[in-house]
Amino acid sequence: MSANPPITPTLLPDADSAAIEAGRLLFARECQFVWGATDLATMPEASLTEVAFAGRSNVGKSSLVNALTGRKTLARTSNTPGRTQQLNFFNLGDRLLLVDLPGYGYARESKTKISAWNKTVRSYLKGRVPLRRVCLLIDGRHGIKENDLEIMGMLDNAAVPYQIVLTKADKVKTAELDAVLEKTGRALKKHAAAHPEVAITSAETGRGIPELRARLAQLAEI
Ligand code: GTP
Ligand code: MG
């Protein structure tokens, strides 16, 4: 028998119907692309509260922004890692700015370009004053990787709260997802700025989207 009992991470609980409705109403508001930043010099002035979507290339950041806002082509997505090449700011009903970030890790781009994106993304994540929450996307098939841990450490040090979102749940068998979830919960215990709840989502089927909308609506400006 193992000495350590298995850790069952808390899933985003079924939000009550009022919270789900608040999330639905917020994300039904108009959402528009307002700005694309390529480096710190082109970052927009701080205005609204920001929620950023970070994660490895191809994990599904832009697809999640589209699923949350119910718009298929708001953020450009692609099969090819490295699609999003700037920090894209979307104004959601003057209540929240959603920030779709370039991914880290593999991309079919030059080393210089990748290193420049990484630098900008890191500076944004560490030092952006209106940034209230980072949704850190992890592929539900693969779990947390080395470069995710590095970003998590950086966010812990900068005291930027983040929430793990497992993506592409439609592509994983339940037993595999449970194993990834268990491992993720274990890893989170070591990270001070990580929200203890893990969201499970699919941009394809809509799984977990109303619950995540409900959570993010709690951060929006009134
Ligand atoms: P970069 O901008 O390159 O870092 O990628 P990204 O993280 O924004 O990923 P993107 O949203 O462009 O999605 C990458 C690929 O994964 C696309 O082919 C999407 O259709 C696919 N994808 C994203 N989310 C899901 C999902 O929930 N389920 C399935 N089956 N495919 C998904
Ligand atoms: Mg993208």
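Values in this document were obtained by computation on a predicted structure and should not be read as measured data. Position 1 is the first residue of the sequence, and the numbers go up from there.
Taking every heavy atom of both residues into account, Val134 and Ala54 meet most closely at CG1-CB, 3.9 Å. Taking both residues in full, the closest heavy atoms of Leu219 and Arg132 are given as CD2-NH2, 3.5 Å, listed atom of the first, atom of the second, then distance. Nearest approach of Asp139 to Thr167, heavy atoms of both residues: CA-OG1, 3.5 Å. Closest of all the heavy-atom pairs between Cys31 and Leu98 is SG-CD1, 4.4 Å. Closest approach of Asn91 to Leu97, counting heavy atoms only: CA-CD2, 3.6 Å. Across all non-hydrogen atoms, the minimal contact from Thr77 to Arg83 is O-CD, 3.6 Å.
Leu166 pairs with exactly one of Leu137, Ile144, Val198 by the side chain to side chain contact (heavy atoms under 4.5 Å, CB included) rule, that one being Val198. Of the residues Val121, Thr120, Thr84, the one that meets the side chain to side chain contact (heavy atoms under 4.5 Å, CB included) test with Leu101 is Val121.
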side-chain contact (heavy atoms from CB on, under 4.5 Å) between His191 and Tyr162, intermediate numbers included: CA-CA 10 Å; His191 292 271; Tyr162 57 97; 3.0 Å; yes
Using the side-chain contact (heavy atoms from CB on, under 4.5 Å) rule, take Gln32 and Phe90 through it: C-alpha gap first, then chi angles, then the decisive distance, then the call. CA-CA 5 Å; Gln32 280 186 343; Phe90 299 94; over 6 Å; no
Apply the test side-chain contact (heavy atoms from CB on, under 4.5 Å) to residues Ile138 and Thr184: give CA-CA distance (whole Å), side-chain angles for both, the deciding distance (0.1 Å), then the verdict. CA-CA 10 Å; Ile138 306 286; Thr184 306; 5.7 Å; no
Output, in order, the C-alpha distance, side-chain angles, deciding distance and verdict of side-chain contact (heavy atoms from CB on, under 4.5 Å) for Asp39 and Trp117. CA-CA 8 Å; Asp39 52 32; Trp117 296 346; over 6 Å; no
Decide salt bridge (charged side-chain N to carboxylate O under 4.0 Å, His left out) for Arg122 and Glu150; before the verdict, give the C-alpha distance in whole Å, the side-chain angles of both, and the deciding distance to 0.1 Å. CA-CA 11 Å; Arg122 282 161 175 273; Glu150 202 196 315; 2.4 Å; yes
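The ring pair (Phe, Tyr, Trp, His ring centres under 6.0 Å) search around Tyr124 returns none, not counting sequence neighbours.
A donor-acceptor pair under 3.5 Å links the side-chain atoms of Asp148 to the main chain of Lys145, judged by distance alone. The main-chain N or O of Asn88 is never found under 3.5 Å from a side-chain atom of Asp100 such that the two would form a donor-acceptor pair. When atom types are taken as modelled, the side chain of Arg213 and the backbone of Glu211 share no donor-acceptor pair closer than 3.5 angstrom.
Residues Leu48 and Arg95 fail the side-chain proximity criterion, which asks for heavy atoms closer than 4.5 Å. With a 4.5 Å cut-off on side-chain heavy atoms, Val165 and Leu64 count as touching. Between Ile209 and Leu212, the closest side-chain pair of non-hydrogen atoms is not below 4.5 Å. Met152 has its side chain out of reach of Lys190: every pair of non-hydrogen atoms, C-beta onward, lies at least 4.5 Å apart. Between Val51 and Cys135 the shortest side-chain heavy-atom distance falls below 4.5 Å.
The distance from atom CG of Leu26 to atom CG of Leu216, rounded to the nearest 0.5 Å, is 8.5 Å. Atom-to-atom distance recorded for Arg29:CZ and Leu96:CG is 11.0 Å, nearest 0.5 angstrom. A distance of 8.5 Å separates CZ of Arg141 from CG of Asp170, quoted to the nearest 0.5 Å. Note that the CE atom of Met43 and the OG1 atom of Thr38 stand 8.5 Å from one another [nearest 0.5 Å]. Between atom CG of residue Leu125 and atom CG of residue Leu87 there is a gap of 8.0 Å, rounded to the nearest 0.5 Å. Note: Ile20 CD1 to Ser17 OG = 8.5 Å, rounded to the nearest 0.5 Å.
Between Arg56 and Glu146, no side-chain nitrogen of the basic residue sits less than 4.0 Å from a carboxylate oxygen of the acidic one, so the salt-bridge criterion is not met. A salt bridge links Arg186 and Glu182; the closest N-O separation between the charged side-chain nitrogens and carboxylate oxygens is under 4.0 Å. Note on Glu50 versus Arg128: salt bridge recorded, some NZ/NE/NH1/NH2 to OD/OE distance being below 4.0 Å. In this structure, Glu204 does not pair ionically with Lys171, as no charged nitrogen and carboxylate oxygen lie closer than 4.0 Å.
The closest side-chain donor-acceptor pair between Asn66 and Ser63, if any, does not fall under 3.5 angstrom. For the 3.5 Å distance criterion, the side chains of Glu221 and Thr49 qualify, holding a donor opposite an acceptor.
Tracing side-chain contacts under 4.5 Å through hydrophobic residues (I, L, V, M, F, W, Y), one reaches Phe27 starting from Phe33; they form part of the same cluster. Leu68 and Leu25 fall into different hydrophobic clusters, where Ile, Leu, Val, Met, Phe, Trp and Tyr residues are linked whenever their side-chain heavy atoms come under 4.5 Å apart, directly or through other members.
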